[in-house]
Amino acid sequence: MTDTVRTSELPTPVRELLTGRFAWFLAGRTVDLAGSSMTTVALSLAVLQATGSASDLGVVLAANIVPNLTLLLVGGTVADRMRRRRLLVAANLISGALLAGMAALLLAGAYRLPALALLSFGTGAVSAFTAPALRGIVPELVPRHDLFRANALLASSQNTVRIVGPVVASVLVATAGGGWALAVDGLSCWLAALAFLRLPGGSRPPASGQRLLRELADGWAVFRSLRWVVLMAMSFALVNAFNVGPWNVLGPEVVMGQDGAVGWGAVQAVRAAGLLVMSVVAVRLVFRRPLRDGRIWGALAGLPLLALGWSGTAWVVAPAAFVGGLGFSVAAITWESTLQEAVPQQSLSRVTAYDDLLSFLAIPLSQLLAGPLGRAAGAREVCTLCGIGCIASCVLPLLDRQVRTMES
């Protein structure tokens, strides 16, 4: 695979990306991700701290994910209809207010499940509008030839805060209480909104005069017309189906059975390190054929599952998880950059919303089936088969000539 990449002089030096208008987006996105990476941990621990009820926690978390999936396509359509900067500012202000409401309930000792679930529902609904806008705004901020480096910088910040954020949230909950942790999350949303205010307004999307459902249908027509997008979205859906459930459900069972909780924690930390290392290195890499190269590198994500099936010990699974993290980073960055380069700007948020929805729908099914399949056929055996399926799903789009030959 070494022939697929080369180092290159940067068309725009990284220092300029970090001082221009993209820098404000990177700052806002990093602060926003820092808060959101804390939210799930802080909310989970806060609910358990207040009630000790896993059932209450399940209700609160479900109240968050359901509106996110339900409204994702609407969010993509809205992000294509209005200035994305304005949408990001408004969404972060609203999210901050909702998180502040959660914090106030807990700090006042006034925990009520219906109220907390309603606020959680609100944050999930808002996130359905922010995700498509975040993916769609990057081409407005950097030239086409800088998209890959911009996405690599975004991935670096994302992987960093996803390591640090949950730790900070856990410490805040343990020392100050869940209410204060959620208050910090809310403040991060407001700080992100201030950073997004510094972004250029962008051009107003042309008024289509169409109803929302008509624009949803038009977005689907664009998505469906791009064969390579459909093939890649199907590939990601299959990868999630084969990977997410077995890794998150069966992985802890296999590794902890041999090396305890510390062993599984070490595996997760090493995988996170792989994600971070490659996202940092990728800033200085050029992929001539990003779809092809991303699929080849992405196939490495199946190695940790094969390691679970072959050995299951932390010292074998951890190196495989590190390599898998490297591959996953390349796959994600090349895909994001190719979408932003090749999909018409006026349809980009809707296309990414359809892409996200197809990928996300596979995750709950994977998580639900992993446990029963593991009990029926053996956890390590299921991991092995799913590792093979993951690798096959990654390379399957390479059967299409357009995926193999598309250049950046």
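Keep in mind the model is a prediction, meaning the values are calculated, not measured.
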Any [X] side-chain heavy atom under 4.5 Å of [Y] side chain:
{"X": "Pro200", "Y": "Glu140", "answer": "no"}
{"X": "Ser279", "Y": "Leu275", "answer": "no"}
{"X": "Leu154", "Y": "Val138", "answer": "yes"}
{"X": "Leu291", "Y": "Trp228", "answer": "yes"}
{"X": "Met234", "Y": "Val230", "answer": "yes"}
{"X": "Leu276", "Y": "Thr160", "answer": "yes"}
{"X": "Thr384", "Y": "Leu305", "answer": "no"}
{"X": "Val403", "Y": "Arg292", "answer": "no"}

Assign the ring pair Trp335 / Phe236 to parallel, tilted or perpendicular, where the plane angle (0 to 90°) is split at 30° and 60°.
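Tilted: the ring planes of Trp335 and Phe236 meet at 30° to 60°.
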Trp297 vs Phe287 aromatic rings, parallel, tilted or perpendicular, using cut-offs 30° and 60°?
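Geometry flag for Phe287 against Trp297: perpendicular rings.
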Do you know the tightest heavy-atom contact between [X] and [Y]?
{"X": "Leu250", "Y": "Ala370", "result": "CD2-O, 3.6 Å"}
{"X": "Ala318", "Y": "Val270", "result": "O-CG1, 3.2 Å"}
{"X": "Ser337", "Y": "Phe148", "result": "OG-CA, 3.2 Å"}
{"X": "Ala353", "Y": "Gly76", "result": "CB-CA, 4.0 Å"}
{"X": "Ser359", "Y": "Ala233", "result": "OG-O, 4.3 Å"}
{"X": "Val249", "Y": "Gly371", "result": "CG1-N, 4.0 Å"}

Does [X] reach the main-chain N or O of [Y] with its side chain, forming a donor-acceptor pair under 3.5 Å?
{"X": "Ser347", "Y": "Val343", "value": "no"}
{"X": "Ser120", "Y": "Ala117", "value": "no"}
{"X": "Asn159", "Y": "Ala155", "value": "yes"}
{"X": "Thr352", "Y": "Leu348", "value": "yes"}
{"X": "Ser235", "Y": "Leu231", "value": "no"}
{"X": "Gln340", "Y": "Arg135", "value": "yes"}
{"X": "Arg380", "Y": "Gly312", "value": "no"}
{"X": "Ser366", "Y": "Ala362", "value": "no"}
{"X": "Asn68", "Y": "Ala125", "value": "no"}
{"X": "Asp32", "Y": "Cys189", "value": "no"}

Between [atom1] of [X] and [atom2] of [Y], what distance do you get to the nearest 0.5 Å?
{"X": "Trp247", "Y": "Leu308", "atom1": "CH2", "atom2": "CG", "value": "5.5 Å"}
{"X": "Thr338", "Y": "Met232", "atom1": "OG1", "atom2": "CE", "value": "7.5 Å"}
{"X": "Ile137", "Y": "Leu199", "atom1": "CD1", "atom2": "CG", "value": "5.0 Å"}
{"X": "Asp146", "Y": "Arg149", "atom1": "CG", "atom2": "CZ", "value": "6.5 Å"}
{"X": "Leu153", "Y": "Gln158", "atom1": "CG", "atom2": "CD", "value": "12.5 Å"}
{"X": "Cys386", "Y": "Glu381", "atom1": "SG", "atom2": "CD", "value": "11.5 Å"}

Start with the C-alpha gap between Gln346 and Asp80, add the side-chain angles, then the distance that decides, and say whether side chain to side chain contact (heavy atoms under 4.5 Å, CB included) holds.
CA-CA 6 Å; Gln346 66 271 19; Asp80 280 337; 6.0 Å; no
Residue pairs, two or more places apart or on separate chains, that pass ring-ring contact (aromatic ring centres under 6.0 Å, His included) and touch residues 347-388:
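Checked against ring-ring contact (aromatic ring centres under 6.0 Å, His included) - neighbours excluded - the pairs reaching residues 347-388 are Trp220-Tyr354, Phe223-Tyr354.
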More than 12 heavy atoms of other groups within 6.0 Å of [X] [atom1]:
{"X": "Trp180", "atom1": "CH2", "answer": "no"}
{"X": "Phe129", "atom1": "CZ", "answer": "yes"}
{"X": "Trp190", "atom1": "CH2", "answer": "yes"}

Go through the side-chain N and O atoms of Arg84 and Ser349 and say whether any donor and acceptor fall under 3.5 Å apart.
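A donor-acceptor contact under 3.5 Å links the two side chains.
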Show your reasoning for whether side chain to side chain contact (heavy atoms under 4.5 Å, CB included) applies to Met406 and Arg289.
CA-CA 6 Å; Met406 182 179 287; Arg289 291 184 172 86; over 6 Å; no
How far apart are the C-alpha atoms of Leu306 and Ile388, what are their side-chain angles, what is the distance that settles it, and do they pass the side chain to side chain contact (heavy atoms under 4.5 Å, CB included) test?
CA-CA 7 Å; Leu306 295 180; Ile388 296 171; 4.0 Å; yes
Residues Arg404 and Asp400 bridged, charged N to O under 4.0 Å
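Asp400 and Arg404: not salt-bridged.
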Take Leu226 and Val222, measure what side chain to side chain contact (heavy atoms under 4.5 Å, CB included) needs, and give me the verdict at the end.
CA-CA 7 Å; Leu226 300 170; Val222 175; 4.3 Å; yes
Criterion side chain to side chain donor-acceptor pair (under 3.5 Å) on Thr123 and Asn64, from CA distance to verdict:
CA-CA 7 Å; Thr123 60; Asn64 182 269; 2.9 Å; yes
